[in-house]
Amino acid sequence: MSTASAPLPQFGPGRHLLSVSQFNREGLEALFALADLVEPIAQRRSVCTVLDGAVLGSLFFEPSTRTRLSFESAFLRLGGEVTTTTGVTFSSMAKGESIEDTSRVISGYSDVMVVRHPDEGSVAQFASASTVPVLNAGDGAGEHPSQALLDTYTLIRELGARGRDLDGATIAVVGDLRFGRTVHSLIKLLSIHDGITFRLYSPPSLHLPDAIAEHARAHGNTIIVCDSVVEALEGADVVYATRVQRERMTEELHSSVRGSLLDRERLEQAGVDQHIIIMHPLPRDSRHDAFDLSNDVDDLPGLSIFKQTDNGLLVRMALFLTALGCSADSVRATLKQRPWKAELDWELG
Ligand code: ASP
């Protein structure tokens, strides 16, 4: 969570994105309308140059595959340019440079920055010294707002495809609820919706922080803590599973959590519909005996993990457009057909 004490302003042009608390329903709808608009660009059906001349400073001081590449691809798809540094070892932070100095320097080279850092509150620190908008790409066990936004966008689409609303949905959230920042941000963001029931399961050592559960309850949503995954799945429209955040815990704690978290057998035991929406922020730990979402659910029709990753591109494009004050009309004005081919014309069987 952000360490800022004053309430953060709503996200908009020229604003940092530090926390999901910067969104209300109206703000979400506006962002998601932009995400819908850029879908043909993300799918390379058309080309857009609305960010021509703009430069992204992409700073990742913690491992990332999806978040970094999708933020960077999003910027490139909108016609901007990307400069990047990954890991403390390869930046001047390894020489003792402060977050504030690094931020001030890079903001002189960029029009917007995306920052991931292992310490909770550190991205807010970056933002405090920046002269351009900073988007939080994950601050330790704190928040991961862009992930929660793409998760919510996916939930609305997937539930909609089943004739359902997000309001009133029952969502099982299972795995490492203590250190998983995606879960913290998601529960907070979903709390602005109405009548959501969260059915939680985690090992006792990895329970959801009280403050997050309280936040959901204070917004009129329901939190039910369950003793097993099977119990959490009862009546669920969606199951959101997370990886054990090994990098944020002792080896002793990590080794106490073993065995599959969610697999086909447990889904069958719970008797859920086979179209249940299965989500995960990824990466999932596919090693033998990892406490995570098993690969044996991969052929179920409700598996939505790659829809999440595809939607991540749209939502991150929408975040850049918003932060840099680009309207839907300015996007439309620079759209053109692509002259090149983007699909494989044969596939390996
Ligand atoms: N990719 C997500 C994150 O950065 C989830 C994870 O790493 O487990 O928080």
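For ligands, and for the atoms within them, numbers begin at 1 and follow the listed sequence. From a predicted model like this one, the values you see are computed outputs, not experimental measurements.
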Less than 3.5 Å apart, N/O on ligand 1 and N/O on the protein: could you list those pairs with the distances?
unit_1	atom_1	unit_2	atom_2	d
ligand 1	1 (N)	L282	O	2.9
ligand 1	4 (O)	R116	NH2	3.1
ligand 1	4 (O)	R181	NH2	2.8
ligand 1	7 (O)	R243	NH2	2.9
ligand 1	8 (O)	R243	NE	2.8
ligand 1	8 (O)	R243	NH2	3.2
ligand 1	8 (O)	Q245	NE2	2.8
ligand 1	9 (O)	R181	NE	2.9

Item checked: side chain to side chain contact (heavy atoms under 4.5 Å, CB included) partners for D273, two or more places apart -> H275

Notebook entry, point to check: What residues, two or more places apart in sequence or in another chain, satisfy side chain to side chain contact (heavy atoms under 4.5 Å, CB included) together with S327?
Noted result: D329, S330

Notebook entry, point to check: Sequence neighbours excluded, which residues qualify as side chain to side chain donor-acceptor pair (under 3.5 Å) partners of S70?
Noted result: R316

Notebook entry, point to check: For the side chain to side chain contact (heavy atoms under 4.5 Å, CB included) test, which of L189, L208, L177, V20 pairs with H184?
Noted result: L208

Note to self: Taking side chain to side chain contact (heavy atoms under 4.5 Å, CB included) as the criterion, tell me which of L155, V239, L186 meets it with I171.
What the structure shows: L155

Notebook entry, point to check: Between F126 and F61, how do the two ring planes meet: parallel, tilted or perpendicular, split at 30° and 60°?
Noted result: parallel

